[in-house]
A.B. asks: 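Sharing a structure here in structure tokens format.
Every value quoted in this text rests on a predicted model; they were computed, and no experiment measured them. Throughout, numbering of the chain's residues begins at 1 and tracks the sequence. Just so it is clear, the values below take in all heavy atoms, side chains as well, and ignore hydrogens, waters and symmetry mates. Whatever order the structure lists them in is the order used to number ligands and atoms, beginning at 1.
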Amino acid sequence: MASLYLSCVNTTFSDHQYFSLRRVFPKPSYSTTHANHCTHSPQVSCSVAANGGQNQKEPAFQNVEPSKGKVDRRNVLLGLGSLYGAANLVATPSSSANPVQAPQLDKCGTATDLITHQKLDVNCCPPISQSIVDYKIPPIFQMKIRPSAHRVSPEYIFKYNLAVDRMKRLPADDPRSFMQQANIHCAYCNGAYDQPGQGTLDLQVHNSWLFFPFHRWYLYFYERILGKLINDPTFALPFWNWDNPKGMTMPPIFLDPNSALYDVKRNQKNLPPAVIDLGTTGNTDPLQVVANNLTVMYTEMIRGNSNAYDFMGKPYREGTPAEPGPGAPERGSHTAVHVWVGVFPGGGEDMGNFYSAGRDPLFYCHHANVDRMWTLWQYFLPSSKFPDKKITDPDFLDASFLFYDENAQLVRVTVKDCLDNRKMGFDYERIDLPWLDYRPPPQTSKARIARVTSTAPKAETIFPLKLDNVVRFQVSKTEKGKADELLVLENITLDTSKFLKFDVFVNDEDDNPGELDKAAYAGTYAQVPHKTKSSSASTSIQLKLTDLYDDMDIADDDFIVVTLVPRHQGPGVTIGGIKIIENPPKSS
Ligand code: C2O
């Protein structure tokens with residue numbers, strides 16, 4: 001086994017050790033440095049600063065045997081942690097164009113309802129301002145520490161509620177008012193903007209490498225506006241810790257109908273104690289769902305990614321069509337949470353449809369955790385296994401957006417200025433990461449797989465494929481080399497107005513896998529409904545197989561059996577082709 005196993009053992013964190021909010025905001029001296037971001041190499045011990053630097057109990061990084069990394073299913077609710085790194089990096093797609101530019105606000109058009117195809121009754125467009133300032137991050141006097149929403153104090157809840165209440169009471173045309181803030185999402189995500197100077201090409205911040213940066217800036221200003229409204233420059237948004245069993249229910253602070261944090265348009269079946277289903281499997285056994293969730297997290301954060309683009313999303317440049325392809329977290333857990341909160345059947349409002357998602361205060365809490373996943377990817381997963389997590393392409397770094405800041409000044413921000421959360425003045429409460437080493441057990445028997453394989457058609461014979469039912473087919477592996485192997489699904493065409501999802505399994509013998517918690521789960525494609533001009537998008541994804549082969553002990557086989565399981569009802573997805581490639585490609 002070539003992979004390297006690291007462990008950042010957090011099992012010592014028990015409830016009484018979780019630091020209270022008062023300790024989250026201790027003195028200006030909570031100044032963890034980047035050393036705590038764990039950009040470590042093996043054998044280096046790593047401080048996770050679990051308690052604000054006080055009473056520091058250092059979880060040590062150490063090499064461990066793979067088998068020791070397994071998590072006992074009965075323990076998943078307790079939240080265990082250790083770290084397993086993966087993947088080498090591939091060549092960077094070449095850049096030749098220009099960065100996507102910030103929209104022209106005076107050219108903002110009307111967004112369209114996805115379901116009725118009527119113009120939306122809400123105008124998503126922000127107030128126009130002639131003065132645009134290039135934003136400079138102000139000096140940081142005290143790091144804001146975003147807390148886990150399940151663990152906040154009554155004082156915090158009071159302040160947060162007050163801030164959102166005041167935001168809701170601002171005049172409707174104030175760009176800082178709650179509805180204007182919500183409309184930012186609608187405008188940037190539902191086709192209200194075109195790319196400046198590029199005809200009618202949509203400007204879209206989802207399903208590409210702009211996804212993480214755009215939402216980071218969005219939350220950054222939302223948070224600053226809230227802080228200003230309560231005169232507390234240290235105010236930090238909470239994050240919904242849905243990646244940890246302790247946070248896998250809707251955070252209670254959003255559920256009081258008398259609170260400004262409440263939204264009536266949520267799926268009532270999914271209120272607590274329902275456990276969030278990050279795999280959108282429909283399974284209702286809480287223990288099974290938790291196990292599925294940890295497998296989803298492990299797969300999308302670690303096992304399934306071979307490079308920065310697999311995580312961040314595909315390059316999206318000026319003059320190119322929107323939605324080239326989402327990164328693994330965007331199409332996985334991120335979409336699942338949107339859809340789980342929104343009201344289906346129906347239009348998915350509020351959270352389950354991009355035009356309305358920002359109207360639910362829970363949206364910003366959800367996205368704080370999405371953003372936290374980015375910080376973990378950047379600073380916590382070992383550099384030795386992901387040597388190049390940075391995208392240095394100028395078309396990425398120089399892409400820009402417009403937002404109104406806390407003083408209602410229109411500002412232009414760039415991707416390169418948001419790459420380091422601590423330079424922006426915020427960080428996240430440290431919580432253990434039970435998915436880090438959640439290596440799912442193989443549950444296949446060689447004999448049964450051999451039988452399944454003999455009846456599975458070859459991939460070449462069934463593509464292009466309309467994905468209406470479960471399909472299973474054989475794909476030949478590449479010749480065994482040192483490189484990683486990637487499963488590529490190409491020319492995926494989607495009806496963007498629908499919630500669509502499918503899962504990918506490898507050598508799975510089960511026809512209806514409602515259980516993702518096994519080695520056979522390779523990845524997911526899922527999208528939140530949204531409007532694009534063409535109402536369809538073509539995209540591709542790749543899933544790294546190398547570590548999955550190791551987990552399943554099938555590295556020496558000549559081909560694999562792939563199963564695609566649609567989770568949506570009816571048509572909507574067509575897949576153009578599928579293949580296994582080497583990464584990096586063999587130089588021949
Ligand atoms: Cu802009 Cu979670 O979507």
A.B. asks: Leu278 and side chain to side chain contact (heavy atoms under 4.5 Å, CB included): which single residue from Thr335, Val290, Thr295, Val296 fits?
C.D. replies: Val296
A.B. asks: Any N/O/S atom from His367 (main chain or side chain) under 2.8 Å of atom 1 (Cu) of ligand 1?
C.D. replies: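 Not a single backbone or side-chain N, O or S atom of His367 is under 2.8 Å from atom 1 (Cu) of ligand 1.
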A.B. asks: Can you name the N/O/S atom of His206 that is nearest atom 1 (Cu) of ligand 1?
C.D. replies: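 Atom 1 (Cu) of ligand 1 is closest to the His206 atom NE2, counting only N, O or S.
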A.B. asks: Do NZ/NE/NH1/NH2 and the carboxylate oxygens of Asp503 and Lys501 come within less than 4.0 Å?
C.D. replies: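 Between Lys501 and Asp503 there is a salt bridge, with a charged N closer than 4.0 Å to a carboxylate O.
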A.B. asks: Restricting to N/O/S, name the atom of His215 that gets closest to atom 1 (Cu) of ligand 1.
C.D. replies: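 Answer by atom name: NE2.
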A.B. asks: Would you say the side chain of Lys144 lies within less than 4.5 Å of the side chain of Arg224, judging by non-hydrogen atoms?
C.D. replies: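 In contact.
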A.B. asks: Does Tyr220 have its ring centroid less than 6.0 Å away from the ring centroid of Phe403?
C.D. replies: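 Ring centres of Phe403 and Tyr220 not closer than 6.0 Å.
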A.B. asks: Is a salt bridge present between Asp165 and Lys168, judged by a nitrogen-to-oxygen distance below 4.0 Å?
C.D. replies: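 A salt bridge is absent here (no side-chain N lies under 4.0 Å from a carboxylate O).
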A.B. asks: Does the shortest distance from atom 1 (Cu) of ligand 1 to an N/O/S atom of Cys189 fall below 2.8 Å?
C.D. replies: no
A.B. asks: Counting backbone and side-chain atoms alike, is an N, O or S atom of His185 positioned under 2.8 Å from atom 2 (Cu) of ligand 1?
C.D. replies: no
